[in-house]
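In what follows, a structure is listed as C-alpha cells, so that the remarks can point back to it.
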Amino acid sequence: MRRRKITDSSKALKAVKELDLFPKVPESYVETSASGGGISIVAYILMLILTISEISYYRSSDVKFDYNVDTNHTGKLKLNIDMTISMRCSAIGADVLDLTGQNVYSFGQLSEEDTYFELSPRQKEFHDNVVTVNKYIREEYHAIQDFLWSSGFDGLGSMPEREDKPGGHPDACRVSGTLEVNKVAGNFHVTAGKSIPVIPRGHAHLAMMVDTKEYNFSHRIDHFSFGERTKGIINPLDGDLQIAHENYHMYQYFVQIVPTSVKVRGVEVDTFQYAVTERNRSIDHSKGSHGLPGIFMKYDLSSIMVKVTEEPRPLWRFLVRMCGIVGGIFATSGIIKSLLGFLIDILCCRFKTGQVSADNLSSNKTLSPLTLNSHVIPPSVPVINLTNHNAEYNHTETDSVNLVGSHSDHVT
C-alpha cells in the first residue's frame, strides 16, 4: 500500500511538472552578449521612468462634477471689493441696491482711502502678474479646482504697499471692504456724489455737489469676488483696468454668479464662481445715449450649484497598469533583441560567404590543373614522379598520352 501511494504521488508530481509554464534553463546553457546587455539597460531605464510616472498618476485623483439645484436661498452673500477710481473720495459714492430695496447701510460699510491712481514700480509689477495669470486662465478655460489643489497654486497675494510717495495731492480713491448682501439680484455701483436714503425705498446720489469737469471714472479692479475669500483663486475681474477718455462715461459689468462647493483632498470650501460681460459707452443725450456716468456691476445668482468632488483611482487599476508596463517592456525588448540578432547574423553570413569565395578563387589560381596534350589532370590526382634512366615509352597513335623520359625528365 505504501509503495502504491508513493507511485501515485510521483505520477501526480510528474503530471504537475509537465504543466510548468516557467521551465528553468541551467546557467551553463545560457549565452550572453553585449547587444543583449545594452538592450537590457535601456529596458530597465524605461521601466524605471514609466514606473515613477505611473506612481505619480496614481497619487492624483479624478474630479467629478455634479450639478444640482441650489436650495440655499436664505443665507447672505459676501461681496468682496478692492478697486481704485480716478476721483476724489469726497466726490464719489459706492453702495449696493438689490431687489429687496433694503437700506444700503444695512449691508455694511466700505472704506474709502485717498491714494494715487498711478502705480509704483513694485505695484505695477504685481498688477502685470495678475493680468498675465488671469489672461492665461481665460484662454485655457481652467476651472476653480485647478488652482485650489491640482496645480498647487498658492495665489499672488494682495497689492503691495507703495514704496514711494509721489508729489502733489492724491488724485484717486481706493474703495475696499466686504458687504453682506442678500442672495438676490443686485447692483453695486460707484457714481458721482454721496448717496442718501430715499423714502420709502432706495437711495439717491447728490451729483449736483460735484463739478462735471471732475468726472473721471477710470478705474482699476484689484479684487472682486463673492463668498469667502479663498486663497489661490484668481477671479475674472482681478486686474481689470479701464481708462476713460471722456467725463461722461458709463461702465457696465453683467455678472452671473454660480455657487460652487469644492470637496477634494486637503480642500473643502463653499465658494462662488462668476462669469462677467463688460460694456462701456459715452453718455451723450443729444445723440440718444442716455444714462448715468459711473461704474455699475449688476449681478444675479444662478439656480444651479456645481459640486466638485474627488474620486481616488482604484488600486487594482494601478497594479494592472504596472504589470502591463513591465510585461510590455520585457516582451518588446525580447523582440528587438531577436530582430537585432537576426540582422547581425545576416550581415556576418554575407561577409563570410564573400571571404570564402575569394579564398577559393585564390587557391584555384595557385593549384591549376596540369594540361598535357589537351587533356586535363584534376588537382585531386596525387603527385606522380616518373624517373627512368634511358627509358622510353612509345604508344600508338591512338594513345592519349605519350611520355618520353630520360634521366633528367620529371613529370609532376
Side-chain contact, heavy-atom cut-off 4.5 Å: [X] with [Y]?
X: Ile243; Y: Ser218; value: yes
X: Glu180; Y: Phe107; value: no
X: Val181; Y: Phe188; value: no
X: Val96; Y: Leu79; value: yes
X: Cys173; Y: Arg88; value: no
X: Leu241; Y: Val131; value: no
X: Met297; Y: Ile81; value: no
X: Val306; Y: Phe65; value: yes

Report the distance from atom [atom1] of [X] to atom [atom2] of [Y], rounding to the nearest 0.5 Å.
X: Leu97; Y: His189; atom1: CG; atom2: NE2; result: 6.5 Å
X: Ser90; Y: Lys194; atom1: OG; atom2: NZ; result: 7.0 Å
X: Thr277; Y: Lys298; atom1: OG1; atom2: NZ; result: 13.0 Å
X: Lys124; Y: Leu119; atom1: NZ; atom2: CG; result: 6.5 Å
X: Ile55; Y: Leu50; atom1: CD1; atom2: CG; result: 11.5 Å
X: Asn235; Y: Gln273; atom1: CG; atom2: CD; result: 9.5 Å

Query raised in the report: In terms of side-chain heavy atoms, does Asp284 have a donor or acceptor partner in Ser289 at a distance below 3.5 Å?
Result: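 No donor-acceptor contact under 3.5 Å links the two side chains.
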**Report entry** Side-chain H-bond candidate by donor/acceptor type, Ser176 with Ser111, under 3.5 Å
**Finding:** yes
Side-chain donor or acceptor of [X] paired with backbone N/O of [Y] under 3.5 Å:
X: Arg220; Y: Phe117; result: yes
X: Thr191; Y: Pro293; result: yes
X: Ser53; Y: Ile49; result: no
X: Asn68; Y: Met305; result: no
X: Glu228; Y: Thr271; result: no

Requested in this report: Start with the C-alpha distance between Asp70 and Lys183, add both sets of side-chain angles, then the distance that settles side chain to side chain contact (heavy atoms under 4.5 Å, CB included), and finish with yes or no.
Outcome: CA-CA 11 Å; Asp70 185 16; Lys183 295 185 70 174; 3.8 Å; yes
Of the non-hydrogen atoms in [X] and [Y], which two are nearest, and what is the gap between them?
X: Asp171; Y: Tyr116; result: OD1-CA, 3.3 Å
X: His205; Y: Ser195; result: CE1-CB, 3.7 Å
X: Gly227; Y: Phe272; result: CA-CD1, 3.7 Å
X: Ile283; Y: Gly291; result: CG2-O, 3.7 Å
X: Met87; Y: Asn216; result: CG-O, 3.0 Å
X: Thr178; Y: Leu110; result: N-CD2, 4.0 Å

Query - His245: ring-ring contact (aromatic ring centres under 6.0 Å, His included) partners, not counting sequence neighbours - result: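 Result, ring-ring contact (aromatic ring centres under 6.0 Å, His included) vs His245: none returned.
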Report task. Report yes or no: is the cationic atom of Arg279 (NZ for Lys, CZ for Arg) under 6.0 Å from the centre of the six-membered ring of Phe254, at an angle within 45° of the ring normal? Result ->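 Here Arg279 fails the 6.0 Å and 45° test against Phe254.
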Can you confirm whether more than 12 heavy atoms, excluding those of [X], are under 6.0 Å from its [atom1] atom?
X: His285; atom1: NE2; result: yes
X: Lys307; atom1: NZ; result: no
X: Glu118; atom1: CD; result: no

Requested in this report: Verify side chain to side chain contact (heavy atoms under 4.5 Å, CB included) between Arg313 and Tyr57, making sure each step is shown before the conclusion.
Outcome: CA-CA 9 Å; Arg313 295 185 173 92; Tyr57 175 76; 3.2 Å; yes
Query raised in the report: Partners of Glu163 by side chain to side chain donor-acceptor pair (under 3.5 Å), sequence neighbours excluded?
Result: Ser120
Report task. Please step through side chain to side chain contact (heavy atoms under 4.5 Å, CB included) for the pair Lys78 and Leu179, ending with a clear verdict. Result -> CA-CA 6 Å; Lys78 288 187 176 182; Leu179 301 176; over 6 Å; no
Requested in this report: Please step through side chain to side chain contact (heavy atoms under 4.5 Å, CB included) for the pair Asp300 and Gln256, ending with a clear verdict.
Outcome: CA-CA 5 Å; Asp300 195 4; Gln256 185 70 29; 4.2 Å; yes
With a 3.5 Å cut-off and sequence neighbours excluded, list the donor-acceptor pairs that the side chains of residues 318-338 form with protein atoms.
from: Arg321; atom 1: NE; to: Glu54; atom 2: OE1; distance (Å): 3.2
from: Arg321; atom 1: NE; to: Glu54; atom 2: OE2; distance (Å): 2.5
from: Arg321; atom 1: NH2; to: Glu54; atom 2: OE1; distance (Å): 3.3
from: Thr332; atom 1: OG1; to: Gly328; atom 2: O; distance (Å): 2.7
from: Ser333; atom 1: OG; to: Ile329; atom 2: O; distance (Å): 2.9
from: Ser333; atom 1: OG; to: Phe330; atom 2: O; distance (Å): 2.8
from: Ser338; atom 1: OG; to: Gly334; atom 2: O; distance (Å): 3.0

Requested in this report: I would like to know whether Phe226 and Tyr274 meet ring-ring contact (aromatic ring centres under 6.0 Å, His included); could you show each step before the answer?
Outcome: CA-CA 8 Å; Phe226 296 91; Tyr274 66 87; 5.7 Å; yes
Query raised in the report: In a check of side chain to side chain contact (heavy atoms under 4.5 Å, CB included) between Met83 and each of Asp240, Asp222, Ile295, which one passes?
Result: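 Per the side chain to side chain contact (heavy atoms under 4.5 Å, CB included) rule, the option paired with Met83 is Ile295, out of Asp240, Asp222, Ile295.
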Requested in this report: Let me see the working for Tyr251 and His249 under ring-ring contact (aromatic ring centres under 6.0 Å, His included), right down to the final yes or no.
Outcome: CA-CA 7 Å; Tyr251 293 93; His249 206 88; 4.8 Å; yes
